[in-house]
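See below for the structure under consideration.
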Amino acid sequence: MTITSPHLGSPSAWTDARLLYALEEVVEGELNRHLKVAKDWMPHEYVPWSDGRNFPGLFPDGEAWDKEQSKVTEIGRTALVVNLLTEDNLPSYHHEIATLFGRDGAWGTWVHRWTAEEGRHGIVMRDYLLASRAVDPDKLEQFRMAHMSEGFESDNRHSMLHSVAYVAFQELATRISHRNTGHQSGDPVCDRMLARIATDENLHMVFYRNLLKAAFEIAPDLTMQAVRDVVVNFRMPGHGIPGFERAAAQMAIGEVYNLRIHHDDVLQPVLRFLKVMEIDGLGPEGLQAQEELGMYMGGLDAEALRFDEKLAARKARMAARRA
């Protein structure tokens, strides 16, 4: 696939403002496509309200939380808390993309639509967790306050292109994390809820992925550098959650999200769709970024293989102990 830069000239001519303007028509087309395929859904229809009962506090009949009250597994509980707290920072995410993309035209319409759709996720997850008593409600609120009080600043807020590249991968990562959490939760109700959320996240990924494809067509060198930077430095938006490192380690062992999943199910699908490693006609900086990206992916695959081996050995030890 040969791509050439437009008449605007050298990569230095591309500012965020020019890129926003150049991609406006693509955003409008993707927005219209999204609105045709996206389906509205009601968060309250996914919550087992009949399982709910009062907690201690204002109600004299309140029953204290105990983890035995829920069928959710230990890894499911950990992942649900991380996923919900990540969703809780939606006000900060909205501020980030509204600042970068603006509030006018197709860009602004998308920003508000995306925020409205994402808002459902936090609503339904919290209602499910409280009604089903899957997590300690006091700790959940304490974590929420601590996490949201810190706010959120994207690693890519300096660049519109970097931000588009990041969300193309991050939306897919979130989809995979929700879907695997549902599979590992031990509760069919939870699995159905997270499958519904994952459907939204996949549509959001498609929007940003297609936008990234258009960016490659008009500014290939800059886009290649943005993709390289984002992939090499990628981290999930919930990294500031209290105890995130320990929870992430548990989720890796529990096969909710780990290096192999990140490489095979998040990075590779987007890179393959965009045919990033097949793009030619790049300038020196774009070519260097492409080569560095290829080297990084090879190293990540090798690192994921080592993780796979350690995980398999751990499973074998645990099986032997049970036997």
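Note that the structure is predicted; figures quoted are calculated from it, not measured.
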Answer yes or no: does atom [atom1] of [X] have more than 12 heavy-atom neighbours from other residues, nucleotides or ligands under 6.0 Å?
| X | atom1 | value |
| --- | --- | --- |
| Glu141 | CD | yes |
| Met277 | CE | yes |
| Asn54 | CG | yes |
| Glu63 | CD | yes |
| His95 | NE2 | no |
| Arg314 | CZ | no |

Could you tell me if [Y] and [X] have a donor-acceptor pair between their side chains, going purely by distance under 3.5 Å?
| X | Y | value |
| --- | --- | --- |
| Asp229 | His162 | yes |
| Ser92 | Glu96 | no |
| His147 | Asn89 | yes |

By side chain to side chain contact (heavy atoms under 4.5 Å, CB included) - contacts of Asn202 (at least two apart):
Leu172, Arg175, Met205, Val206
Applying side chain to side chain contact (heavy atoms under 4.5 Å, CB included), can you list everything that pairs with Asp138, at least two apart in sequence or on another chain?
Asp136, Gln142
Between [X] and [Y], what is the shortest heavy-atom contact and its length?
| X | Y | answer |
| --- | --- | --- |
| Ala173 | Met236 | CB-SD, 3.6 Å |
| Gly102 | Val111 | O-CG2, 3.8 Å |
| Phe307 | Ala252 | CZ-O, 3.6 Å |
| Thr181 | Val256 | OG1-CG1, 3.4 Å |
| Thr115 | Leu90 | O-CD2, 3.5 Å |
| Leu84 | Gly122 | CD1-O, 3.6 Å |

Once rounded to the nearest 0.5 Å, what's the spacing between atom [atom1] of [X] and atom [atom2] of [Y]?
| X | Y | atom1 | atom2 | result |
| --- | --- | --- | --- | --- |
| Glu87 | Glu201 | CD | CD | 5.5 Å |
| Leu274 | Glu217 | CG | CD | 10.0 Å |
| Ile279 | Phe216 | CD1 | CZ | 4.5 Å |
| Asn258 | Met251 | CG | CE | 10.0 Å |
| Met193 | Ser185 | CE | OG | 8.0 Å |
| Gln288 | Asp221 | CD | CG | 11.5 Å |

Side chains of [X] and [Y] in contact at under 4.5 Å (non-hydrogen atoms):
| X | Y | answer |
| --- | --- | --- |
| Leu194 | Asn180 | no |
| Val189 | Tyr128 | yes |
| Phe152 | Thr86 | no |
| Arg53 | Arg133 | yes |
| Pro91 | Met148 | yes |
| Arg33 | Phe207 | yes |
| Glu171 | Glu118 | yes |
| Leu23 | Met160 | yes |

Same cluster (ILVMFWY, side-chain, under 4.5 Å), [X] and [Y]:
| X | Y | answer |
| --- | --- | --- |
| Val82 | Leu130 | no |
| Tyr166 | Leu271 | yes |
| Leu212 | Leu203 | no |

Kindly determine whether Arg144 and Asp88 satisfy salt bridge (charged side-chain N to carboxylate O under 4.0 Å, His left out), including the steps that lead there.
CA-CA 7 Å; Arg144 187 191 71 85; Asp88 274 333; 5.2 Å; no
His204 and its side-chain contact (heavy atoms from CB on, under 4.5 Å) partner, picked from Arg209, Gln170, His34
His34
Using the rule side-chain contact (heavy atoms from CB on, under 4.5 Å), only one of Leu80, Val124, Val47 pairs with Leu129; which is it?
Leu80
Working note: Glu45 + Arg196, criterion salt bridge (charged side-chain N to carboxylate O under 4.0 Å, His left out); need CA distance, chi angles, decisive distance, verdict.
CA-CA 11 Å; Glu45 294 179 356; Arg196 177 58 259 188; over 6 Å; no
Taking only Lys NZ, Arg NE, NH1 and NH2, and the carboxylate oxygens of Asp or Glu, determine whether Glu309 and Arg306 approach each other closer than 4.0 Å.
no
Decide yes or no on salt bridge (charged side-chain N to carboxylate O under 4.0 Å, His left out) for Arg113 and Glu117, but give the supporting numbers first.
CA-CA 6 Å; Arg113 173 72 189 197; Glu117 291 184 3; 2.5 Å; yes
Using the ring-ring contact (aromatic ring centres under 6.0 Å, His included) rule, pick out the option among Trp107, Tyr21, Trp110, Tyr93 that qualifies with Phe101.
Trp107
Should the ring pair Tyr46 and Trp41 be called parallel, tilted or perpendicular, given that the plane angle runs from 0 to 90° and is split at 30 and 60?
perpendicular
